[in-house]
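Each chain gets a letter, A, B and so on, in the order its sequence line appears, and its residues count up from 1.
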2 protein chains.
Amino acid sequence: MAHKPRSEMIAETRAKLVTAARHAFGTVGYADASMDDFTAAAGLTRGALYHHFGDKKGLLQAVIAEIDAEMNERLTAVARNAPTRWDGFIDGCIAYIEMALDPEIQRIVLRDGPAVLGDPTTWAIQAACIRSMADDLQHLADEGTITVTDPEAMAQLINGAMLNAALWIANVTNPEATSKKAVQAIKLLLEGLLVHPSRDGERSKPKVRSL
Amino acid sequence: MAHKPRSEMIAETRAKLVTAARHAFGTVGYADASMDDFTAAAGLTRGALYHHFGDKKGLLQAVIAEIDAEMNERLTAVARNAPTRWDGFIDGCIAYIEMALDPEIQRIVLRDGPAVLGDPTTWAIQAACIRSMADDLQHLADEGTITVTDPEAMAQLINGAMLNAALWIANVTNPEATSKKAVQAIKLLLEGLLVHPSRDGERSKPKVRSL
DNA sequence: ACAATTGCATACATTCCGTATGTCAATAAA
DNA sequence: TTTATTGACATACGGAATGTATGCAATTGT
């Protein structure tokens with residue numbers, strides 16, 4: 001059992017630090033997560049942390065980048081599997097809320113992230129997500145499905161609506177029933193953009209599913 | 001010049017602490033605001049702070065309560081002055097965004113507040129604001145102006161959309177132009193709820209104004 | 001095999017929060 | 001009027017956490 005190559009060891013410690021920090025940040029929160037504690041839990045010390053990430057904020061950035069990558073991967077997968085562009089759009093919105101219901105994501109990305117790293121609308125990943133949604137809206141407008149004047153602005157609004165919906169659902173006593181109501185409201189709101197709205201949203205009825 | 005009554009002095013120190021903290025939280029942020037520093041700036045010490053507010057979080061709650069009161073006051077005033085219920089609703093949304101553009105509000109209420117005090121959808125004030133909006137939506141539905149199944153869910157979505165819009169506008173290079181686009185998109189989105197939508201939103205056209 | 005780079009640990013200084021204690025003024029009572 | 005008590009606020013102390021500076025050891029290149 002020869003020693004692994006050095007670069008691999010380094011990547012391993014980086015991953016260990018990110019994983020340990022992600023768990024600590026997601027449970028006790030960024031402010032109350034002691035660097036001594038969770039580096040020790042990873043079998044390391046703060047020395048490794050400062051060497052690789054500069055400071056605590058740098059580590060938070062790395063954690064958020066990891067989470068963002070996972071979210072992006074899932075969102076693109078959802079969009080790929082939709083029959084129509086409009087269905088893909090709706091499905092993407094629902095998938096977004098589903099992911100935002102994860103307590104770890106809520107705590108790290110939605111609450112501590114903005115407080116420590118500044119406004120999320122300036123983050124690279126958020127920007128990418130918004131742009132992707134804006135592109136969808138643009139295409140939907142081009143094909144005559146919906147009406148939008150400024151796709152980017154509309155994407156920002158929709159994104160905010162879904163984020164708030166996720167926060168709401170996660171902090172209510174009965175998330176199951178609430179999520180159903182939220183999905184229904186989202187569909188109602190988005191279908192208001194349709195040029196030829198179906199009477200009761202039957203267009204995407206077959207794809208409705210509970211969270 | 002007799003001494004003021006004791007209760008008045010106490011209220012004064014409380015107000016001084018809240019004001020000093022509000023300024024510190026709004027500029028350097030909650031985490032980097034040293035209690036020693038801003039209590040000294042108010043001519044006091046941490047002793048007064050702990051006596052009146054228990055801890056740093058308690059002071060943040062007091063600061064947010066003060067800001068919330070101001071926001072509520074303004075929102076009710078806007079709603080009172082609107083000619084129709086629908087116009088009042090639109091105006092309220094726009095006023096909400098205007099207020100959320102204030103850097104102090106963004107920093108304290110929208111970013112540090114959730115990180116320190118937990119999810120804002122559980123805050124008393126937020127709940128009141130949402131309920132007010134839900135009531136509006138219910139009345140608008142009753143009078144046949146709009147279609148909504150669950151007013152509360154729709155209010156949550158709209159609230160989130162406006163919050164995100166404010167964050168977006170505040171962190172973009174040209175807030176002027178962006179705010180115009182945001183308002184237009186909001187009107188488009190909300191008018192999608194109208195039972196009998198006017199072709200180009202002319203119904204509320206006269207009330208359009210830039211931020 | 002040797003030297004140099006560097007991943008990571010250890011030790012230290014600083015800062016900040018929370019508590020415990022003390023003091024002085026104002027109000028209530030005698 | 002004098003005394004006693006309450007409470008508003010300051011001071012002092014302990015603990016913990018972050019960031020930096022230094023040190024060691026192991027791998028890589030020559």
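- Residue-to-nucleotide proximity on DNA chain C shows that, of B:Asp36 and B:Gly47, the 5′-proximal contact is made by B:Asp36.
- With D:dT18, C:dC16, C:dA9 as the choices, the nucleotide that has an atom nearest any side-chain atom of B:Ser34 turns out to be C:dC16.
- Residues satisfying the salt bridge (charged side-chain N to carboxylate O under 4.0 Å, His left out) test with A:Asp36, not counting sequence neighbours, are A:Arg46.
- Counted by atom type alone, B:Thr122 and B:Asp119 present zero donor-acceptor pairs between their side chains at under 3.5 Å.
- Of all nucleotides listed (C:dT19, C:dA9, D:dT18), C:dA9 comes nearest to the side chain of A:Thr45.
- If you take CE of A:Met35 and C1' of D:dT20, they are 12 Å apart, rounded to a whole angstrom.
- Computed from C1' positions of five pairs at each end, the angle between the two local axes of the helix from C:dA1-D:dT30 to C:dA30-D:dT1 equals 0°, rounded to 10 degrees.
- Put simply, A:His52 has a side-chain N or O that comes within less than 4.0 Å of OP1 or OP2 on C:dC8.
- Residue B:Lys56 places its side chain closer to C:dC17 than to any other of D:dC9, C:dC17, D:dG19.
- The stretch residues 14-29 of chain B has no heavy atom under 4.0 Å from DNA chain C, so no residue of it qualifies as close.
- Contact check, A:Thr13 against C:dC8: a side-chain N or O comes under 4.0 Å of OP1 or OP2.
- With sequence neighbours excluded, no residue forms a salt bridge (charged side-chain N to carboxylate O under 4.0 Å, His left out) with B:Asp135.
- Out of D:dT18, D:dC9, C:dA9, the shortest distance to the side chain of A:Arg46 is found at D:dT18.
- Residues B:Asp112 and A:Ala115 approach most closely at OD1-CB, 3.7 Å, considering heavy atoms.
- Between B:Leu101 and B:Pro175, the closest side-chain pair of non-hydrogen atoms is not below 4.5 Å.
- B:Phe25 pairs by the ring pair (Phe, Tyr, Trp, His ring centres under 6.0 Å) definition with B:Tyr30, B:Phe38, not counting sequence neighbours.
- Within the 4.0 Å cut-off from OP1 or OP2 of D:dC9, not a single side-chain nitrogen or oxygen of B:His51 is found.
- For the residue pair A:Asp142 and A:Gln138, a side-chain donor N or O sits within less than 3.5 Å of a side-chain acceptor on the partner.
- Distance CD (B:Glu8) to P (C:dT27): 12 Å, rounded to an integer number of Å.
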If you apply the rule side chain to side chain contact (heavy atoms under 4.5 Å, CB included), what do you find for B:Ile105 with B:Ile67, and how did you get there?
CA-CA 8 Å; B:Ile105 291 181; B:Ile67 297 178; 3.9 Å; yes
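- Look at CG on A:Asp55: it is 16 Å from C1' on D:dA21, rounded to the nearest Å.
- Comparing D:dG19, C:dC8, D:dC9 by their closest approach to the side chain of A:Tyr50 singles out D:dG19.
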Full working for side chain to side chain contact (heavy atoms under 4.5 Å, CB included) between B:Gln106 and B:Asn171:
CA-CA 10 Å; B:Gln106 291 218 354; B:Asn171 289 280; 3.8 Å; yes
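- Across all strands, B:Ala31 comes closer than 4.0 Å to no nucleic acid atom at all (heavy-atom distances).
- Following rounding to the nearest Å, B:Glu12 (CD) and D:dC9 (P) show an atom-to-atom distance of 10 Å.
- Residues passing the side-chain hydrogen bond (donor to acceptor under 3.5 Å, both in side chains) test with B:Asp150 are A:Lys181, sequence neighbours excluded.
- Within the 4.0 angstrom heavy-atom criterion, no nucleotide atom of any strand lies near A:Leu49.
- Rounded to a whole Å, the CG atom of A:Asp32 is 14 Å from the C1' atom of C:dG18.
- The distance from atom CD1 of A:Ile10 to atom P of C:dG7 is 5 Å, rounded to the nearest whole Å.
- One interatomic measurement links the two molecules: CG of A:Leu60 to P of D:dT18, which rounds to 13 Å at whole-angstrom precision.
- Within the nucleic acid shown, B:Ala40 has no heavy atom closer than 4.0 Å to any nucleic acid atom.
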